[in-house]
Asks: 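Got a structure for you, questions after.
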Amino acid sequence: MNRYAGKKIDIVEVGPRDGLQPEPEFIPTRKKIDLVDQLTEAGCQKIEVTSFVHPKWVPQMRDGKDVFAGIRKKDGVVYNALVPNLRGLELALAAGFREVVSIMSASESHNRKNLNMGVAESLSEIEKINAVAKRHGARVRSYIATVFGCPIEGDIPPRKVLDIALALEGFGSYEISLGDTTGMANPASAHAIPGMIRGKLVSASLAVHYHKYFGLEFANNLASLEAGVTVFDGAVGGLGGCPYAPGAKGNCQTEILVEMFARMGIGTGIDLEKLRQVGRYAQSLSSLLSQKCA
Ligand code: MG
């Protein structure tokens, strides 16, 4: 008797953006387009394609407009772009995106370090992003980073995460993704925090976004599934940084996550064999993974 059989969940593939962003050597636009096209072919339903961050800070994503113009867009598949501020939103809309992803941290120090703003300031910026996006008919997905712990501040009170999640929902974000930015979650917190927040959200759906920690990321996803979460972020090939660089661990590897769910009888709509091939291609693009960091 398998109580999971026939259950359906959604996977959000973040490899092309979250995964490739920290790569030190510029990856040719053509190869980024290939990666997104292969993910579409494998059956991914939502793909984070790029970001619109100042190229001085994230030179790897400076070709976001060209990547989006070059990909083969399949009906029904959602392609989105990370925007850290209103300027990013304007660029994403001009490039043709109809879904953007906002980001802020639950930790004051981490937010200042990464976005050069306080938490209150970020909330106000995201409120504006939501308002402008809505006027353009675009949807907003929102990340909250450092939900399960901050490398600077340590524990983050779940109440603080809840307040931010409710504010984001109030601004109109249709989905909120709880980020374990540096791999600090454990199955207890991965059950308790999303479970508590999910029960308080009225309209927004809840996603989890775990980073690698020697396999603990899969236990964390399972714990969140048990808490009622149905949307899971992953990066194909486990792209996203080097475990030897503090604070830069890779993302949960999508093809293994999909295989775990498939073995449990849970459907994702993704062709696992094709996704494994995309994983190998993704790893071939990464100089971080081809060093001693796999
Ligand atoms: Mg990530």
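Atoms within a ligand are numbered from 1 in the order they appear, just like the ligands themselves. Starting from 1, each residue takes its place in the sequence as its number. Quick caveat, the model's predicted, so the values are computed rather than measured.
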Asks: Please report the shortest heavy-atom distance between Tyr210 and Ser224, naming the atom on each side.
Replies: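 Distance-wise, the nearest heavy atoms are OH-OG, 2.6 Å.
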Asks: Have a look around the Mg ion (ligand 1) and list protein N/O/S atoms under 2.8 Å, or say none.
Replies: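 Less than 2.8 Å away from the Mg ion (ligand 1) sit Asp18 OD2, His209 NE2, His211 NE2, Asn251 OD1.
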Asks: Counting distance only, does the side-chain N/O of Asp180 pair as donor-acceptor with the main-chain N or O of Phe148 below 3.5 Å?
Replies: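 Such a contact is absent between Asp180 side chain and Phe148 backbone.
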Asks: With sequence neighbours left out, which residue pairs that include part of residues 69-81 fulfil the salt bridge (Lys or Arg N to Asp or Glu O under 4.0 Å) condition?
Replies: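 The answer is Asp37-Arg72.
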Asks: Applying the side-chain hydrogen bond (donor to acceptor under 3.5 Å, both in side chains) criterion to Ser105, which one of Thr146, Asn111, Thr181 satisfies it?
Replies: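 Exactly one pass, corresponding to Thr146.
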Asks: Are Lys46 and Tyr174 in a cation-pi contact, defined as NZ or CZ under 6.0 Å from the six-membered ring centre and within 45° of the axis?
Replies: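 No - Lys46 does not lie over the ring of Tyr174 by the 6.0 Å and 45° rule.
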Asks: Give me the one residue out of Leu162, Val161, Leu168 that meets side chain to side chain contact (heavy atoms under 4.5 Å, CB included) with Ile164.
Replies: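 Single side chain to side chain contact (heavy atoms under 4.5 Å, CB included) partner of Ile164 among Leu162, Val161, Leu168: Leu168.
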